Each structure stands twice: as structure tokens, then as C-alpha cells.
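Being a predicted model, the structure only gives us computed values, none of them experimental. Convention: sequence-line order gives letters A, B, ...; per-chain numbering from 1.
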Amino acid sequence: MGHRAGAAWEMEDTKPCMEALEHCGFPGLYLSCFDMLFTEDSAWLVKVSEASPGLACAMPVPVPRMAHGEEPEQCPVIDSQALGLSPGLEGQEEERSLEQVQSMVVGEVLKDIETACKLLNITPDPMEWNSGNVQKWLLWTEHLYRLPQAGKTFQEQTGKDLCAMSEEDFRQRVPQCGDTLHAHLDIWKSAAWMKERCSVGDSKITGGEELWLEADSSCSGQPIHLWQFLRELLFKPHNYGRCIRWLNKEKGIFKIEDSAHVARLWGRRKNRPAMNYDKLSRSIRQYYKKGIIRKPDVSQRLVYQFVHPV
DNA sequence: AACGAGGATTTGT
DNA sequence: ACAAATCCTCGTT
């Protein structure tokens, strides 16, 4: 386990990312990675960002999170071109680096948590902790990140209690580092959720938006399908809203706003540098007779519809 | 010029 | 075997 701590919103287009990792020896944990892997609507993930403990390197400032109830489609899109950040080759480089960093960071975090669990003899899921487990985790975290001792603050608290507490609760109980503890707990929660999601499959449905997760490429060994890939992009509007977005999420109607860009992303994912929209759209059309994607009732250019919306 | 439909063939796993 | 990739012709916007 390293000496990492910290959070930063929106890794997109943060040039220093790769350099930072190299120069500083992988110091920062970019929580936005988790966010990008899941839907942006996961309410309990939303607050993870706020604490930025111990950032060793220059990192982008946390972006205020949108309020609940706002349309996800309207959430801010960070776009390299819009920020004047090198279109063309460099932009693509960054984009690819970003994806590499994402998977790398997530892998590292999961590994570290696993190590900690073995060492402390606790489960990865904070919800299952008894009060003893909680104390172990607290001591471990405090020691690892050189936090002031919270002492007996959380005596007799179970993991479930802890998980139910807001960041504000943490801050009140431990003014010195409550926010940091809360952030770290959130990481564990994220990891546990992710693990469960990957192993369980489809046995539970916790509400409308969960189904697409089955199709997430991050934990199915099989090669990703095009329709899955498109869904992935659609569920990360803050990353890809500029090139593909929902017109009607409920009906599964979406529009490809930048066909060339989407094709490039697809080509990169499949390691097909010669991919273009001509070929991508041909693959989409193959879905017609398979009943996966169709043209909407009122056919519009670059607009398609999932036959089975989530 | 860019998109759309769909046939034919090849490719990668 | 299968989904995609590739290549193609022809029609539409």
C-alpha cells in the first residue's frame, strides 16, 4: 500500500496526469475514475470528490458537483478542443493516456484494498464490518495517511453506521480529518460495490439504471460489443456528451453528434486504427435484424434507438 | 459530402 | 460459430 491520498475531479484534460504519476511516484488517487466507471447518477458516489487530502502534486481543483435533480444530460462536458487543449494528435494521445490511467488506478486501488483486507483480516465491504473491524480500518487508515488519531470517536460503530454517515457527520466527529476519513471510506465503498457488481451478474435489480452495468466492459472477460460500447459512452455524458448523447434516455434514443470521434473511440477500443463511421454504422445496421438497435420511428440522421432501453 | 440500407467477403477470437 | 471489419453499390438528404 502506498502513500497515496487525495481526490481530484475530472481527470479529463488534466495534462499533468501522466507526468504527475511519473514524477511523483503515483501519489494521487483520482476518485473521478470511479465515477467514470459507473453512472454519474450514483448518488452516494457523488460526494466522494470533495475532500482532497494530501495532494502532493499540482492537481486540478475539485469541480463543484451538480445538485440532485438536475438533468444528467445537462451536466458539464469537459472537452479538450473547447479548452483549447491541442486538437489532433496530442488530444488523442491524452485521451488514450487517460483511459490507461483510469484502468491502472482502479486496478491499483483494488489491489491495495485487497492487501489491506488480508492484513487486517476484514472484508472489503464496509457494510459488513462490526465495530472491531471499524476500529481496525480506522487505525490502518490513520497510520497510512499520517492522520491525527481519531481515537475512540467511532467506538461501538459498525460499518453500516459509518456508511450511513455523511461527510458533515464525519467532520463534526473528527474536525481534524473527518473529511479525509469519509473520502477513504467512500473509496472502499466504491470498490466493494464494483466487486459485487462484477461477480454477481444480474441477480439483483436496484432500480432502473442498474441493468446497463451488466454490459459494462470493465468486468466481463468477453470482448466488448459495439452496442455495449455505445452505452458506456452514453452513460458518461461528462466525458463523451460532446460526441454522443441521449435524446430520450427512457426510450433509448440517442444521437451521434460527432461520428468521426465516436468511430475513433471505437477503433481505439478494438485496436482498429482504420475504423471510421462508415464501418461503424454498418455494424450498427447489423443490429437491426438482431433486435438490438433500430432507427427511431421518426428517422433522423445519426439518431438510433436501443430496442431494449434500460 | 455525409449519411443510410444491406449484400458479400474476410478477419480475429 | 460469431461479431465485427472491410469493401462495395446504390439511394437519400
Side-chain angles (χ1 to χ4, degrees), chain A residues 36-39 73 77 79-82 86-100 102-104 106-107 110 194 197-203 209-237 239-310:
Chain A
M36 285 188 251
L37 287 175
F38 308 132
T39 160
E73 283 85 351
V77 174
D79 180 86
S80 52
Q81 264 94 356
S86 60
L89 250 169
E90 276 180 57
Q92 293 182 22
E93 258 320 301
E94 278 177 27
E95 216 165 337
R96 197 170 51 198
S97 303
L98 175 66
E99 284 172 25
Q100 287 172 349
Q102 279 178 236
S103 56
M104 203 164 88
V106 171
L110 291 175
M194 200 168 158
R197 176 165 71 87
C198 291
S199 57
V200 168
D202 62 343
S203 53
E209 310 206 70
E210 231 70 6
L211 276 171
W212 73 275
L213 294 169
E214 292 173 62
D216 194 298
S217 63
S218 60
C219 60
S220 67
Q222 303 307 319
I224 187 169
H225 289 200
L226 176 57
W227 64 270
Q228 295 176 307
F229 177 75
L230 294 174
R231 260 222 234 285
E232 273 188 35
L233 299 188
L234 284 162
F235 276 105
K236 297 169 187 171
N239 291 348
Y240 303 110
R242 272 252 151 61
C243 62
I244 184 170
R245 67 184 179 89
W246 294 112
L247 290 188
N248 186 325
K249 202 171 180 178
E250 288 67 43
K251 290 183 178 173
I253 300 173
F254 62 97
K255 174 163 188 176
I256 296 172
E257 300 281 3
D258 184 340
S259 59
H261 191 199
V262 173
R264 273 206 314 277
L265 292 170
W266 175 232
R268 198 170 302 156
R269 174 66 72 90
K270 291 290 295 288
N271 209 15
R272 285 288 125 135
M275 182 52 59
N276 56 32
Y277 182 68
D278 251 23
K279 291 183 271 193
L280 185 150
S281 64
R282 181 69 190 93
S283 293
I284 291 179
R285 290 195 292 275
Q286 289 291 156
Y287 287 143
Y288 293 173
K289 62 175 177 181
K290 293 183 185 176
I292 297 172
I293 288 176
R294 68 183 183 87
K295 270 292 189 179
D297 297 323
V298 279
S299 181
Q300 307 166 69
R301 281 195 138 199
L302 295 166
V303 176
Y304 297 91
Q305 176 171 16
F306 285 103
V307 175
H308 305 291
V310 286

Under 4.0 angstrom between A:Lys270 side-chain N/O and C:dA4 OP1 or OP2: no

Whole angstrom value for the distance that separates P of C:dC7 from OH of A:Tyr277: 19 Å

Distance under 6.0 Å and angle within 45° of ring axis: A:Lys255 vs A:Tyr304: no

Sugar-phosphate, base or nothing in reach of A:Ser259, heavy atoms under 4.0 Å: sugar-phosphate

Touch class at under 4.0 angstrom, heavy-atom based, for A:Leu280 against every strand present: nothing

Options C:dT6, B:dA5, B:dC3, nucleotide nearest the side-chain atoms of A:Leu302: B:dC3

So which protein nitrogen or oxygen atoms get under 3.5 Å of nucleotides 7-12 of chain B's nitrogens or oxygens?
residue, atom, partner, partner atom, Å
B:dG7, N7, A:Arg282, NH2, 2.9
B:dG7, O6, A:Arg282, NE, 2.7

Protein-nucleotide distance (A:Leu226, atom CG; C:dA5, atom C1'), rounded to Å: 11 Å

N or O in side chain of A:Tyr287 less than 4.0 angstrom from C:dA3 OP1/OP2: no

Side chain A:Arg285 and base B:dG4 donor-acceptor under 3.5 Å: no

Separation of atom CD1 in A:Ile293 from atom P in B:dG4, rounded to whole Å: 12 Å

Might you list the N or O atoms of the protein lying below 3.5 Å from N or O atoms in nucleotides 10-12 of chain C, with each pair's distance?
none

Rounded interatomic separation in angstrom, taking CZ from A:Arg264 and P from C:dA5: 16 Å

